[in-house]
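Input: a single structure, listed below in structure tokens.
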Amino acid sequence: MIKFIITLSLIIIKSRMEKYLTHPVFQFVSEIINSERKQAYVVGGYVRDLLLERQSKDIDIVVVGSGIELAKKVADYLGKKTKLSVYKNFGTALLKTDEWEIEFVGARKESYRKHSRKPIVEDGTLDDDLRRRDFTVNALAIALHKNKYGKLLDPFNGIKDLKNRIIRTPLEPAVTFSDDPLRMLRAIRFATQLKFRIENNTYEGIKASAGRINIVSKERISDELNKIIMSQKPSYGFILLENSGLLNYFLAQLAKLKGVEAQNGIGHKDIFYHSIEVLDNICEHSENLWLRWAALLHDIAKPMTKKFTKENGWTFYGHEYHGARMLPGIFSSLRLPLNENMKYVEKLIGLHLRPISLAEETVTDSAIRRLLFDAGDDIDDLMLLAEADITSKNELKVETYLNNFKLVRKKLLEVEQRDAIRNFKPPISGEDIMKTFNLPPCKTVGIIKYSIKDAILDGIIANNREEAYELMLKKGKELGYHLGTKNH
Ligand code: CTP
């Protein structure tokens with residue numbers, strides 16, 4: 001399909017590119033630029049995406065001269081509908097409406113990257129500007145000024161690379177990557193999103209410069225990681241990240257999962273490949289970034305819990321618990337949010353084995369109620385994760401598990417409809433217990449409270465206030481407390 005689109009696009013290029021500059025802003029810019037007798041070009045990702053027929057709302061315009069001046073004129077022309085922000089030191093201006101964003105920048109000699117904090121030092125020509133960009137497919141430009149309107153400029157054969165689906169740096173990789181080492185990650189991100197191949201010399205360049213990623217902020221690294229994770233088949237990107245050596249610099253815990261150990265001729269699965277396969281599996285069912293993170297990191301604590309015994313072979317006892325405990329550290333080192341999203345990933349990792357153990361046993365109502373109670377509203381995501389986690393090569397085994405999961409899901413629905421455990425709040429609160437027995441906050445309150453919760457989850461009493469109240473009095477009595485007792 002992509003090949004077809006690219007072939008089609010190449011026909012477009014050979015004929016008249018201007019027909020495809022359908023965005024109304026290009027006309028305004030062109031009119032203004034013509035009256036000023038200047039040159040302006042639409043460049044970078046917008047051109048690449050136009051040729052790949054991908055939707056793009058971000059437009060970058062390079063002006064030979066001042067980008068800010070042109071942006072101000074376009075803003076005046078468009079009137080109130082737009083918001084203009086000017087970054088004088090950086091020689092850029094951003095024009096925003098509800099629907100699109102255009103960045104205007106003067107052509108420069110030094111390396112270009114969007115939102116760069118580097119002040120602009122020296123003005124340059126369009127050629128200077130394009131050669132300091134990251135990849136040949138991002139170094140394309142279409143002229144917007146008179147006579148040349150619609151003409152495509154492709155000094156580094158970016159069109160050929162688009163056609164052959166190749167990511168390649170315009171200059172020697174060492175030069176392009178030292179301008180901005182994040183570009184190594186961008187190469188892998190683009191390759192994953194677009195299903196492109198990284199050209200050999202460029203890939204070797206990544207391997208050689210991998211250590212330089214250390215000077216890039218963790219926020220920028222995680223932005224790229226999130227984009228890889230949100231692509232259709234992230235495993236492709238993670239294999240490149242691992243093989244190139246990059247992964248070790250910011251997510252060494254994941255890189256450490258790679259490899260197979262054998263004892264007495266028995267090997268365990270390669271946990272790295274398993275993890276990225278689980279991630280691919282979940283991507284077929286969910287667009288939720290955080291569920292995808294949970295899939296990627298669900299076995300992260302396996303190396304530290306790994307044991308081999310003759311009786312049991314390889315075991316990883318408690319890896320779900322340790323994995324959940326490792327998560328805040330991992331998120332914090334990547335400057336990922338330490339908010340409810342992190343809590344959600346932590347929770348899913350901690351619970352990821354529970355549906356599997358249910359699918360292995362005969363499912364009791366009590367086990368289902370406990371799972372519903374612990375997972376709450378995240379039960380559906382947890383089930384997706386558990387299903388994605390079945391990656392055995394043995395088809396029969398996979399089918400058996402998946403059928404058992406169907407049973408678990410059916411049971412979950414039945415029990416939830418009957419007992420409403422998902423958003424369970426104990427019908428008797430700690431306050432109630434303290435009031436009834438005239439107790440201050442203490443251990444006894446907790447003991448009574450948990451015994452009521454357990455009795456409900458185990459189906460010993462129904463989930464209502466009357467039965468819970470009865471049980472509270474009974475438990476209190478067993479512990480030597482009565483209504484309004486004062487002797488404690
Ligand atoms: N660019 C660059 N080096 C970087 C970042 C950006 O050379 N480190 C240039 C590229 O020409 C790129 C353009 O700036 O096409 C716009 O950058 P950006 O918006 O970050 O990327 P896009 O290519 O538009 O792709 P995406 O929106 O998917 O990030």
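Order of listing sets the numbers, starting from 1, for every ligand and every atom in it. Because the structure is predicted, anything quoted here is derived from the model rather than measured.
When Lys302, Glu261, Lys306 are each tested for a side chain to side chain donor-acceptor pair (under 3.5 Å) with His268, only one passes: Lys306.
Here the side chains of Glu224 and Arg186 are in contact, with some heavy-atom distance below 4.5 Å.
Shown in contact with Arg183 at under 4.0 Å from a heavy atom are these atoms of ligand 1, numbered in order with element: 2 (C), 3 (N), 4 (C), 7 (O), 8 (N). Short contacts between ligand 1 and Lys227, defined as distances under 4.0 Å to a heavy atom of the residue, involve ligand atoms 29 (O).
Atom CG of Asn288 sits about 11.0 Å away from atom CG of Leu385, to the nearest 0.5 Å. Expressed to the nearest 0.5 Å, how far NE2 of His23 lies from CG of Leu50 amounts to 11.0 Å.
Remark: ligand 1 and Asn138 share an N or O pair separated by less than 3.5 Å (distance only, no angle test). At a 3.5 angstrom cut-off on N or O pairs, Asp58 does not count as close to ligand 1. Between Arg220 and ligand 1, no pair of N/O atoms sits closer than 3.5 Å. Looking at ligand 1, you won't find any N or O of Phe190 less than 3.5 Å from one of its N or O atoms. Considering backbone and side-chain N/O atoms, Arg133 comes within less than 3.5 Å of an N/O atom of ligand 1. By the 3.5 Å distance cut-off applied to N or O atoms, Asp180 is counted among the residues near ligand 1.
Using modelled atom types, one finds no donor on one side chain facing an acceptor on the other under 3.5 Å when comparing Asp129 with Tyr41. A side-chain donor from one of His319 and Asp299 sits under 3.5 Å from a side-chain acceptor of the other.
Taking each of Arg54, Arg186, Glu224, Arg189 in turn, the one with a heavy atom nearest to atom 26 (P) of ligand 1 proves to be Arg189.
Look at Asp60 and you'll find a heavy atom under 4.0 Å from some atom of ligand 1.
Contact between Ala301 and Gly323 at its shortest, heavy atoms only, is CB-N, 3.3 Å.
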